J.: 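Here it is, the structure in full.
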Number of protein chains: 2
Amino acid sequence: MFSKTCEYAIRAVLYIAQMSKNGEKVSIKSISKGIDSPEHFIAKILQELSKKGLVQSLKGPTGGFYLSEHSKKHSLADIVKAIDGEKIFTGCGLGIGQCSEEFPCPIHNDFKVIRKKLFDLLQKTKVNEFNTQLEAKLAFLKKNHT
Amino acid sequence: MFSKTCEYAIRAVLYIAQMSKNGEKVSIKSISKGIDSPEHFIAKILQELSKKGLVQSLKGPTGGFYLSEHSKKHSLADIVKAIDGEKIFTGCGLGIGQCSEEFPCPIHNDFKVIRKKLFDLLQKTKVNEFNTQLEAKLAFLKKNHT
DNA sequence: TTTATAAAAGATATTTTTATCTTTTATCGA
DNA sequence: TCGATAAAAGATAAAAATATCTTTTATAAA
């Protein structure tokens with residue numbers, strides 16, 4: 001559905017949201033462990049998210065990643081758009097360049113419905129809404145949750 | 001959503017379904033033009049689909065690809081499974097290996113619904129059901145439909 | 001039986017995605 | 001101010017996906 005990069009990105013942001021909810025900052029090392037991703041790879045991804053304003057960061061000792069009040073309200077759709085682009089929400093299911101209402105692919109209409117549902121879901125879901133679930137270990141961001 | 005290989009595969013099978021509906025056979029060259037895909041690449045993909053029994057073929061002069069009565073009834077889900085595997089129907093939306101009912105990722109339940117809708121749609125859609133639409137140019141398998 | 005045709009098979013190349021490594025810059029605390 | 005820390009930036013590497021090329025095999029028609 002999403003690229004691996006995008007999956008890591010979402011997990012990282014949810015992790016940062018939870019871990020920094022009281023103003024703390026979270027290091028790459030912590031994030032990498034917390035979501036079970038390659039350390040250098042998630043660093044690159046966070047660099048990108050930081051540039052686009054989806055997460056905030058500070059260098060140096062006691063530095064790390066956190067979310068501004070504004071960033072806490074971002075949706076999962078914002079992250080997906082930042083990493084994978086709009087293709088998954090608007091592109092043709094069969095990869096036809098000019099697929100449109102006027103010249104539709106055979107599954108155009110059915111796919112439109114599913115894509116809309118996906119977008120609506122991601123759009124309404126905000127990155128800080130899982131904090132308590134994650135805290136209570138009712139939801140997880142990696143496989144080794146022991 | 002699907003890999004490019006899978007998009008080509010679906011388009012190719014729909015094209016073969018339409019073009020071979022009266023017992024004709026369709027050449028790779030014709031398929032490649034009909035769906036606007038690289039000739040050698042679609043040849044490789046059809047080889048795979050042929051091995052898995054999703055399309056039939058015959059070598060030599062007057063040879064080409066066609067669909068048996070059985071193959072005509074295959075669903076789009078069958079093609080997706082053959083090329084991309086089950087991951088899109090069953091895998092975790094955030095790429096967590098052991099995501100499950102017991103240890104769910106944060107979006108597990110919402111995604112389950114969307115994945116099910118996608119699967120149901122692809123499962124109920126059969127490869128030969130677009131023949132008349134395609135014939136009447138009410139649906140298209142490539143961008144240059146002139 | 002020979003020749004032409006068209007897919008199958010196998011090998012190779014290119015591009016994109018995923019991942020890693022090294023150096024630089026900013027910031028904090030001693 | 002200096003040293004340690006942590007992210008940013010840039011370069012490189014490995015793996016996977018996409019694409020192409022060449023040779024072989026099966027089939028049909030002349």
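Protein chains get the first letters and strands the later ones, always in sequence-line order, with residue 1 at the start of each. Computed from a prediction, not measured in an experiment: that's the story for all the values here. Note that these values count all heavy atoms, side chains included, but never hydrogens, waters or copies made by symmetry.
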J.: Atom CZ of Arg11(B) and atom P of dT18(D): how far apart are they, to the nearest Å?
T.: 13 Å
J.: Can you find a donor-acceptor N/O pair under 3.5 angstrom joining the side chain of Gln47(B) to the base of dA9(C)?
T.: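 Side chain to base: pair present.
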J.: May I have the distance from Glu24(A) (atom CD) to dA6(D) (atom P), rounded to whole angstrom?
T.: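 It works out to 16 Å between those atoms.
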J.: Closest approach to the side chain of Ile28(A), judged atom by atom: which nucleotide of dA7(D), dA19(D), dA19(C) is it?
T.: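 Shortest atom-to-atom distance from the side chain points to dA7(D).
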J.: Please give, in whole Å, the distance from dA26(D) P to Gln56(B) CD?
T.: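 Taking CD of Gln56(B) and P of dA26(D), I get 19 Å after rounding.
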J.: Quick one: which of dA7(D), dA7(C), dA11(C) gets closest to the side chain of Ser57(B)?
T.: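 My answer, after comparing the listed nucleotides, is dA7(C).
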J.: Please say whether more than 12 non-hydrogen atoms of neighbouring residues, nucleotides or ligands are located less than 6.0 Å from NZ in Lys124(A).
T.: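 Yes - once you tally the heavy atoms of other residues, nucleotides and ligands closer than 6.0 Å, there are more than 12.
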J.: Heavy atoms only, 4.0 Å cut-off, all strands: where does Leu46(A) land among base, sugar-phosphate and nothing?
T.: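 Since no nucleic acid heavy atom lies under 4.0 Å of Leu46(A), the category is nothing.
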J.: Can you measure Lys51(B) atom NZ to dG10(C) atom P for me and round it to whole angstrom units?
T.: 7 Å
J.: Where the side chain of Lys44(A) is defined as all heavy atoms beyond and including C-beta, which of dA9(D), dA8(D), dT18(D) is the nearest nucleotide?
T.: dA9(D)
J.: Does some side-chain heavy atom of Phe89(B) sit less than 4.5 Å from a side-chain heavy atom of Arg115(B)?
T.: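 No, every pair of side-chain atoms sits at 4.5 Å or beyond.
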J.: Do Cys105(A) and Phe140(B) come within less than 4.5 Å of each other through their side chains, counting heavy atoms only?
T.: no
J.: Within less than 4.0 Å of OP1 or OP2 of dA7(D), is there a side-chain N or O belonging to Ser50(A)?
T.: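 For dA7(D), OP1/OP2 do not have a side-chain N/O of Ser50(A) under 4.0 Å.
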J.: Base, sugar-phosphate alone, or nothing: which one does Lys29(A) contact when heavy atoms must sit under 4.0 Å apart?
T.: nothing
J.: How close or far is atom C1' of dT17(C) from atom CD1 of Ile83(A), stated in whole angstroms?
T.: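 Atom-to-atom, Ile83(A) to dT17(C), this comes out as 13 Å.
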J.: Determine, for nucleotides 22-30 of chain C in 5'-to-3' order, which nucleotides have protein heavy atoms under 4.0 Å from the base (write B), from only the sugar-phosphate (write S), or from neither (write -).
T.: B--BBBBS-
J.: How is Lys25(B) classified with respect to the nucleic acid when contacts are heavy atoms under 4.0 Å: base, sugar-phosphate, or nothing?
T.: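 Nothing, no nucleic acid heavy atom in range.
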J.: Do we see a donor-acceptor contact under 3.5 Å between the side chains of Ser71(A) and Ser68(A)?
T.: yes
J.: Is there a salt bridge (charged side-chain N to carboxylate O under 4.0 Å, His left out) between Lys72(B) and Glu69(B)? Walk through the geometry before answering.
T.: CA-CA 5 Å; Lys72(B) 287 177 190 171; Glu69(B) 285 308 310; 2.8 Å; yes
J.: Within this structure, what is the CD-to-P distance between Glu48(A) and dA19(C), rounded to whole angstrom?
T.: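 After rounding, the gap between these two atoms is 16 Å.
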J.: Roughly how many Å is it from CG in Asp84(B) to P in dA16(D), rounded to a whole number?
T.: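 One finds 16 Å between P of dA16(D) and CG of Asp84(B), rounded.
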J.: Would you say that Lys117(B) contacts Leu121(B) through its side chain, given a criterion of any heavy-atom pair below 4.5 Å between the two side chains?
T.: no
J.: To the closest 0.5 Å, what do you measure between CZ (Phe103(B)) and NZ (Lys143(A))?
T.: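 Going from CZ on Phe103(B) over to NZ on Lys143(A), the span is 14.5 Å.
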J.: Please determine whether a side-chain nitrogen or oxygen atom of Tyr8(A) lies at a distance below 4.0 Å from atom OP1 or OP2 of dA19(C).
T.: yes
J.: Can you tell me how far C1' of dA19(C) sits from CD1 of Ile35(A), to the nearest Å?
T.: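 After rounding, the gap between these two atoms is 14 Å.
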J.: Nearest of dA8(C), dA7(D), dA19(D) to any side-chain atom of Phe65(A)?
T.: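 The answer is dA7(D).
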J.: Using a cut-off of 4.0 Å on non-hydrogen atoms, how would the nucleic acid contact of Val55(B) be classed: base, sugar-phosphate, or nothing?
T.: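 The answer is nothing, as Val55(B) stays clear of every strand by at least 4.0 Å.
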J.: Closer to the 5' end of DNA chain D via nearest nucleotide, is it Ile42(B) or Ala43(A)?
T.: Ala43(A)
J.: Would you say Lys4(B) places a side-chain N or O within less than 4.0 Å of OP1 or OP2 belonging to dA19(D)?
T.: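 Yes.
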J.: What's the spacing between Leu49(B) CG and Ile16(B) CD1 if we round to 0.5 Å?
T.: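 Here the interatomic distance stands at 7.5 Å.
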